[in-house]
Amino acid sequence: MTTQLESSPPPSWLVALTWLTPVAVIAAQVFFVMASAPDRDMGHLQKIMYVHVPAAWNAFLAFLFVFIQSVRYLWKRNEQADLMAAAAAEVGAVLTGLTLVLGSIWGRPTWGVWWTWDARLTSTAVLFLVYVGYLALRGLTDDPERRGRWSAAVGILGALNVPIVYMSVKWWRTLHQMQSTPSTVDPTYAWGLRANAIAFLLVLIVFIAWRYRGLRAEFALERSQDEAALTRGVAANVNDGLRGGVRA
Amino acid sequence: MSELSLAASLRGDWGRVKAVAWKDLTAERRSKSNFNAVVAMACLILLFFGFALGPDAEGLRNAAAGVLWLTILFSGVLAFNRSYQLELEAGALEQLLLYPGERWALYVGKLLANLAFVFLVELITLPLTAVLYQVAFPERWLTVLLVLVLGTVGFVALGTLYAAMASRSRSREVLLPLLLFPMLVPVLIAASGATASLLVGDPMGDSRAWIRLLVAFDAIFLVAATWAFQFVIDA
Amino acid sequence: MRGVSAQVHAGEVLAIMGHNGSGKSTLLRVAATALRPTRGHGTVWGADILRDTQRVRSAVALLSTEPGVYGDLTALENLHFAARMLGADASPTTLQRALDRVGLGREGGERARNMSSGMQRRLSIARLLLREPKVLLLDEPYNSLDPEGASLVNTLIRETVARGGGVLLVAHDLSRADGLPDRTLAMHDGLLGDEPRLTHRPLANELPVGSVA
């Protein structure tokens, strides 16, 4: 089961991706820096969008992954699914935080303010808080089985809410006749965005995979300690074969 | 599965829903201290918002809808953990989980009891807000009540679910709002938006869109929370 | 619990003794389906504890160390709630009869919170009387009970056995069990072992060595 995997070497696809990712990231940055001229209004500042937008996409993608793994866990009670959800939540939280910070930094020179209540940024802030709640719950729950069930419930409901939050914030702004955020995607920048989106997707996958392995190793260690204690007991017990059952 | 027909087992579960709701409400009625404390909290919050946002009458009137809903959320959240505390005090939860029947019956029973509780708090909070914030009696008061009900249902549905977890965790006082409030963003936006609009006669017809959102939200999360409860309530 | 294997037969009383923390309460809870075992399997009265939880629950009754009552409800109201949840007869006469049997006949209107722990314990025994369970699971049933209360528990055990049911009794001291247990096993550190030499003497600090690590 899980114990035999903890000491296995990382799969070759993961090693390959881990080497590929920094290359891709650097390549993507170089590409958009060189390939696109400074935006006529915002100058080089616009380049923050190349990181901010892909980070946002991947932050939401990470939460979709949390959702899928949460459903898997409740369905099959597969511990691996729970650990993958946890790994994805940690990476996703960081990406979401990054998105918010970058959005704020971009907004300051552009609109003169550190924050604007635009639909995307605000939904991302709410997503960040959902992540934080999810991780706090995990941190405060010691029993692994309960932790798995509870975080799965929170993850699933949180994910269901993401589109609803986005819609409500959007309506909230349009009904108040706020001007919509200037478009951040100019066709000339599309390729730069896509390149970076892929690079960040690689970052997401690699980080989640490594974090998952870390969590799995921790979990397997706990398990093997329990197994050792059990085996000690079994060896000493003469009468009953300890099969683990109660019949009444 | 069992020999009971579906109808019979549903009747049994519905009977359990009523029993749980009755039990929660009776326990609450006996020790009114919780209700009084929550109402007192609501009044305090209303005053505090007044201090922070006033004393200009115009400003207060504009803020009234938002303040009302914030008050409901901040005071109501105090009620949910209590619903589980009475199960945890003398180990009643263990027995509760060993009775026959489906888990959703426990959830719906607690949901109904919490709804009654929060509605009663709102019965006091609503007029008090109108008075303190000098709100004119709205023509479409019935719609305002509809919004109140819809928003409260979403609030209590999620609160009842999340409190099942938070009440059994460390840091329960902060964990419940931390988990619950991000989920309530649509409720807050929609309910306060609709209420604000209705208080000035709903000139743009905004309230319709918000009400639709609230109905959708309630439908989705009543189902989701009822389903999720079985995974959350067990030991 | 680390390794448990046991059988209780219909009409039998099995007692399990052990220190606090030996896992005997856990065993009882797993049998009652109040807890899911992380590994292993079990059947209670023919129903699998993992897959047929509803059937297990309708067959067993658990007397826990905690009374499991609602402090703000009266004794009668507590029983009324339990009866409704069990789908059992919730008429006032039936409930009063149950209270009478456990010696709480005049405390029906008393709030559970104001009752002593012995009285609360009796109230939870009254709850057991609302139905006729096939399997009685008793966790330290003699705690905080006076001799009358203890004999009440024993009567309950006898009645269950007479009906053809089984009883699993967990305690650290069996001196009040009146010789009822047909077999006694010892549990230590999550492991269950056979100890035919163990009688109803209260446990000393060390369990007899030989079968348990």
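All values reported here derive from a predicted model rather than from experimental measurement. Throughout, protein chains are lettered first and strands after them, A, B, ... in sequence-line order, and every chain is numbered starting at 1.
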K.L.:
Among residues 76-89 of chain B, which residues come closer than 4.5 Å to chain C, judged by heavy atom distances?
P.N.:
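Those residues of residues 76-89 of chain B which have a heavy atom under 4.5 Å from chain C are B:Arg82, B:Leu86, B:Glu87, B:Glu89.
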K.L.:
Between CG of B:Leu97 and CZ of C:Arg57, what distance do you get to the nearest 0.5 Å?
P.N.:
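It comes to 7.0 Å.
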K.L.:
Tell me, with the steps shown, if C:Tyr70 and B:Leu96 meet side chain to side chain contact (heavy atoms under 4.5 Å, CB included).
P.N.:
CA-CA 11 Å; C:Tyr70 295 100; B:Leu96 189 65; 3.9 Å; yes
K.L.:
Distance from B:Trp22 atom CH2 to C:Glu77 atom CD, nearest 0.5 Å?
P.N.:
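B:Trp22 atom CH2 to C:Glu77 atom CD measures 5.0 Å (nearest 0.5 Å).
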K.L.:
Which bit of C:Ala61 comes within less than 4.5 Å of chain B, counting heavy atoms only: side chain, backbone, both or neither?
P.N.:
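Contact with chain B is absent: no heavy atom of C:Ala61 under 4.5 Å.
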K.L.:
Regarding C:Arg29 and B:Glu94, does a basic nitrogen lie under 4.0 Å from an acidic carboxylate oxygen?
P.N.:
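Salt bridge between C:Arg29 and B:Glu94, a charged N being under 4.0 Å from a carboxylate O: yes.
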K.L.:
Would you compute the distance between atom NZ of B:Lys23 and atom CG of C:Leu73 and round it to the nearest 0.5 angstrom?
P.N.:
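These two atoms lie 8.0 Å from each other.
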K.L.:
Please classify the contact of C:Ser58 with chain B as side chain, backbone, both or neither, using a heavy-atom distance under 4.5 Å.
P.N.:
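Looking at C:Ser58, nothing touches chain B.
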K.L.:
Report which part of C:Arg36 has an atom under 4.5 Å of a heavy atom belonging to chain B: side chain, backbone, both, or neither.
P.N.:
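Neither the backbone nor the side chain of C:Arg36 comes within 4.5 Å of chain B.
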K.L.:
Anything in residues 117-132 of chain C with a heavy-atom distance to chain B below 4.5 Å? Please list those residues in order.
P.N.:
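Under the 4.5 Å heavy-atom cut-off, C:Arg127 qualify.
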K.L.:
To the nearest 0.5 angstrom, please state how far the CZ atom of B:Arg16 sits from the CZ atom of C:Phe81.
P.N.:
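Going from CZ on B:Arg16 over to CZ on C:Phe81, the span is 10.5 Å.
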K.L.:
Do B:Arg29 and C:Asp72 come within less than 4.5 Å of each other through their side chains, counting heavy atoms only?
P.N.:
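Answer no - side chains too far apart.
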K.L.:
Measure the spacing between CZ of C:Arg111 and OG of B:Ser31 and express it to the nearest 0.5 Å.
P.N.:
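If I round to the nearest 0.5 Å, the distance is 8.0 Å.
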K.L.:
Short question: side chain of B:Gln95, backbone of C:Pro67 - any donor-acceptor pair under 3.5 Å?
P.N.:
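Here the side-chain-to-backbone pair does not exist.
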K.L.:
If you round to the nearest 0.5 Å, how far is CG of C:Leu86 from CG of B:Leu98?
P.N.:
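Rounded to the nearest 0.5 Å, the CG-CG separation comes to 10.0 Å.
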